Amino acid sequence: SPSDKDFVKKTKMVCGTFTPATVASAKAELKAAYRQESGLPDSPGPLMCFIGRLDAQKGYDLLLEALDEVLEEAELQVVIVGAGRTDLVQQTRALEAKYPAKFFYAGWMGPE
């Protein structure tokens with residue numbers, strides 16, 4: 001939960017803990033931090049983050065397919081954090097190359 005200090009520390013949320021009352025300012029701070037770290041330009045649209053294993057079992061292949069269909073027209077930016085199947089990592093990198101201002105693949109950011 002974003003109101004739990006341990007969760008915030010583990011996920012490196014720069015905004016600190018937040019509640020429904022403070023979510024708007026926390027969201028803006030996190031969006032700016034993700035953009036700065038990823039090199040994505042400012043955009044009026046939403047920023048979506050996927051954090052997880054890149055595997056068809058998780059539906060990640062379907063997410064990539066959907067993003068490829070909507071990113072050209074949508075005011076949407078995406079940050080992907082995770083590792084997984086080699087073919088899905090290659091497809092992720094291809095999407096990043098196709099949409100450099102809208103898509104960023106951070107890879108795995110864990111302790112390994």
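These numbers come from a predicted model, not from an experiment. Atoms considered below: every heavy atom in the structure, side chains included; atoms not considered: hydrogens, waters and symmetry mates.
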Decide whether L63 and V89 are clustered together by the hydrophobic rule: side chain heavy atoms of Ile, Leu, Val, Met, Phe, Trp, Tyr closer than 4.5 Å, transitively. yes
Taking only residues two or more places apart in sequence or in another chain, which ones pass salt bridge (Lys or Arg N to Asp or Glu O under 4.0 Å) with K58? none
4.5 Å side-chain heavy-atom contact, I80 and L95: no
Taking all non-hydrogen atoms of both residues, which atom of P46 and which atom of K31 are closest, and how far apart? CA-NZ, 4.0 Å
For A83, the side chain to side chain contact (heavy atoms under 4.5 Å, CB included) test, sequence neighbours excluded, returns W108
Under 3.5 Å, side chain of Y105 to main-chain N/O of G82, donor-acceptor pair present? yes
Can you list every ring-ring contact (aromatic ring centres under 6.0 Å, His included) pair that touches residues 66-99, not counting sequence neighbours? none
Let me check something: do L30 and V23 share a hydrophobic cluster, defined by ILVMFWY side-chain heavy atoms less than 4.5 Å apart, either directly or through other members? yes
For P41, side chain to side chain contact (heavy atoms under 4.5 Å, CB included) partners two or more places apart: Q77, A101
On a heavy-atom basis, which atom in R35 and which in G45 lie closest, and how many Å separate them? NH2-O, 3.4 Å
Residues which pass side-chain hydrogen bond (donor to acceptor under 3.5 Å, both in side chains) with R85, listed by chain and number, not counting sequence neighbours: D87
Residue pairs passing the salt bridge (Lys or Arg N to Asp or Glu O under 4.0 Å) test with at least one member in residues 14-27, sequence neighbours excluded, are none
Which residues share a salt bridge (Lys or Arg N to Asp or Glu O under 4.0 Å) with D55, sequence neighbours left out: R53
Work out which heavy atom in L40 is nearest to a heavy atom in P100; give both atom names and the distance. CD2-O, 3.6 Å
Which pairs with one or both residues in residues 62-87 pass ring-ring contact (aromatic ring centres under 6.0 Å, His included), sequence neighbours excluded? none
Sorted by chain and number, sequence neighbours left out, side-chain hydrogen bond (donor to acceptor under 3.5 Å, both in side chains) with S25 holds for none
Looking only at non-hydrogen atoms, find the nearest pair between A56 and L88 and report the distance. N-CD1, 3.7 Å
What pairs of residues pass the ring-ring contact (aromatic ring centres under 6.0 Å, His included) test when at least one of them lies in residues 35-72, not counting sequence neighbours? F50-Y60
Starting at CZ of R93, measure out to CZ of F103 and round the result to the nearest 0.5 Å. 10.5 Å
ring-ring contact (aromatic ring centres under 6.0 Å, His included): pairs with one or both residues in residues 61-81, sequence neighbours excluded: none
Can you tell me how far apart OG1 (T92) and CG (L64) are? Round to the nearest 0.5 Å. 4.5 Å
Do any side-chain atoms of residues 65-74 form donor-acceptor pairs under 3.5 angstrom with protein atoms, and if so which ones, sequence neighbours left out?
| residue | atom | partner | partner atom | Å |
| --- | --- | --- | --- | --- |
| D68 | OD1 | K98 | NZ | 3.0 |

